[in-house]
Each structure stands twice: as structure tokens, then as C-alpha cells.
Protein chains: 2
Amino acid sequence: MGITKSEHFTDHQNELANVLKALGHPARVAIVEYLIQHKQCICGDIVNELPLSQATISQHLRELKQVGIIQGNIEGNSICYCLNPLVFEQITKFMGIVIESVMKNKCC
Amino acid sequence: MGITKSEHFTDHQNELANVLKALGHPARVAIVEYLIQHKQCICGDIVNELPLSQATISQHLRELKQVGIIQGNIEGNSICYCLNPLVFEQITKFMGIVIESVMKNKCC
DNA sequence: AAATATAATCGTAATATTGCAATATAGATT
DNA sequence: AATCTATATTGCAATATTACGATTATATTT
């Protein structure tokens, strides 16, 4: 099929999964890491950094933006992208709950 | 194409992306949440919990296991699965670095 | 040993993702 | 206004993912 049965899951589960899926590609991890170092970028910066075409980079940026991982502000000719902290706080919170739970009870 | 050009990225980027991709599906988020609450499960528990077939659940469990998110121990007839804290610590560390970076510098 | 219980695997269909060339769009510059 | 620069979009091919029925494998129970 290839189609996820989203309707059977909670909004929270779908939203978290969407964000994590967006981060689940090495090029998009690389883009986030570029933004960690340089704080901001335009599409062309990433095109110069990664061995992927401009069209492909643009697509990856769109996916990251769609789930709120980055935000883009138009600056004249180009678009300035940067990280959105809120999303990462959400993810960290989830991961924290997992870790806390695991620590309390060892595996069978 | 549908094929990720993994060879162009670092091991760290590929590994992190693989773990996040594995968590990037609502059913697999739901499995992790089940494990947070119940500490452990067998395949049949999840089959009873989620509206997906046994074959599909088994596949999702295998994906989670492949990237080290869960571990499975054979217990007679069935297999007991539980969470592996190490992976989540890795993810949290990455997320923490992102947040720290973002806090230092607002967007353009 | 036959029957049952549990879970993995195989085969397959439907759909999604990845990547790129080509093209389109929009602001900046001459 | 013509050109340049930066990026988005479209269309397409190759591959991956999701899901399930059917089957298989293994351990347990009768």
C-alpha cells in the first residue's frame, strides 16, 4: 500500500511522527546541523554545501518548513531560513518521558 | 528515484536519520508509548492495541529493533520487547544541541 | 505426535519518497 | 524593459514504504 492509516492514531501521535519523519533523512539532518552552526541560511548556501541539486534542496527545505522545524523569512530576492526551537522542545520532552520510563524498569 | 544518497553524508547523519525515520510513523510512536506505559510487550499485545494486522505489527517491531529503539528477548513461545534507553539519550542530546544553538540567536 | 499459540517471513498491491532536468516565478540590477 | 539571481514548481523515473493474506517456523500444551 504505502499509505499510513493516520486516522487510527491520535493527533499527538501523527504530529510527532510527522516531525520525526521530516528529520529522518540525512540531507535534512545535515541542513539542521548547518543551521546549528550558521544560525541561518538561504537555499543557495545548502546547495553549495550538499551534493544535491537545487531542486532537491528546495524540496527538503519545504518539508522541514511544512512541519515547523524551520521558518523562512523573505529577504528581498532570497529567503532566510532558520530553526524553530518550539518543535525541538516538543521532541525533547517526548524523549525525556521515554528515558524516564525506561530508567524505572529494566527490560525483561 | 526514492533512493537516499547515504554515501554523501556522515555516519552520524545517516544513523541519526535512520533512528528518527524509524520513529516517524504513528504506529511506531504508539508502540513506543505502549512500552512507556507497560514497560514491555509481546507482539500480540500490540496487535490487540492497534488496528493493524499481525504481519504489519511484526514488521513495525522489526524496524524499531533494527535501529536499536527496542530490544527483544525470547521468552519461551513469545518474544518480550522493551525500550532501549541509549538511543533516546542520543536523540535527546542532538535535540539539546539544537535548542541551545537556537536560543543563542534569534531568526533573521 | 497432533493440535495450539505466537510471531516471523514471503509475495504482492497501492502509495510515498527521492532526486533531477526543465521550467516558472519574482525580486534586483543594469 | 531586459537581464540576472535566487528559489519554487512540475513532470518524471527509480526505489522505498505500508499493509495484508497466506504461509512458515518454533515452542507449548494436550
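In what follows, every chain begins at residue 1, and chains take the letters A, B, ... in the order their sequences are listed. Hydrogens, waters and symmetry mates play no part in the numbers below; they use all other heavy atoms, side chains included. Bear in mind that the values here come from a model prediction, so they are computed numbers and not experimental data.
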Note: for A/Gly76 and B/Thr4 on DNA chain C, the residue whose nearest nucleotide lies more 5' is B/Thr4
Should B/Leu86 and B/Leu83 be regarded as members of a common hydrophobic cluster, given that ILVMFWY residues are connected when their side-chain heavy atoms come within less than 4.5 Å of each other, either directly or indirectly? no
Whole angstrom value for the distance that separates C1' of C/dA7 from CG of B/Leu64: 16 Å
Please determine whether a side-chain nitrogen or oxygen atom of A/Lys21 lies at a distance below 4.0 Å from atom OP1 or OP2 of C/dT17. yes
B/Asp45 side chain vs B/Cys41 backbone, donor-acceptor pair below 3.5 Å: no
Whole angstrom value for the distance that separates C1' of C/dG19 from CG of A/Leu61: 15 Å
Output the rounded distance in Å from CG (A/Asp45) to C1' (D/dT7). 12 Å
Side-chain donor-acceptor pair under 3.5 Å between B/Thr92 and B/Glu89, yes or no? no
Residue A/His25, side-chain atoms from C-beta onward, closest of C/dA8, C/dT6, C/dG19: C/dG19
Whether B/Tyr81 contacts C/dT6 is assessed here as follows: a side-chain N or O lying under 4.0 Å from the phosphate OP1 or OP2. Is that the case? no
Quick one: do the A/His25 and A/Glu63 side chains pair a donor with an acceptor below 3.5 Å? no
Over all strands shown, is A/Ile57 touching base, sugar-phosphate only, or nothing at heavy-atom distances under 4.0 angstrom? nothing
Separation of A/Gln40 atom CD from D/dA6 atom P, in whole Å? 15 Å
Within less than 4.0 Å of OP1 or OP2 of D/dA6, is there a side-chain N or O belonging to A/Ser78? no
Which listed nucleotide (C/dA7, D/dT18, D/dT26) is nearest to the side chain of B/Arg28? D/dT18
Between C/dC10 (P) and B/Arg62 (CZ): distance, integer Å: 8 Å
How would you label the contact of A/Ile42 with the nucleic acid (heavy atoms, under 4.0 Å): base, sugar-phosphate, or nothing? sugar-phosphate
A/Phe9 atom CZ is separated from D/dA19 atom P, nearest whole Å, by 7 Å
Please tell me if B/His60 has a side-chain N or O lying less than 4.0 Å from either OP1 or OP2 of D/dT17. no
Does A/Lys5 reach the main-chain N or O of B/Ala27 with its side chain, forming a donor-acceptor pair under 3.5 Å? no
Length of the CG-C1' vector between A/Asn18 and C/dT17, whole Å: 14 Å
Does the side chain of B/Ser53 get closer than 4.0 angstrom to OP1 or OP2 of D/dC20 through an N or O atom? yes
Does any N or O donor sit under 3.5 Å from an N or O acceptor when you compare the side chain of A/Gln59 with the base of D/dA8? no
Side-chain atoms of B/Ser58 come closest, of C/dG19, C/dA8, D/dA6, to C/dA8
What distance do A/His8 atom NE2 and A/Asn14 atom CG have between them, rounded to the nearest 0.5 Å? 11.0 Å
So which one's nearest nucleotide on DNA chain D is more toward 5', B/Ala55 or B/Ile3? B/Ile3
How many Å lie between CD on A/Gln54 and C1' on C/dC20, as a whole number? 11 Å
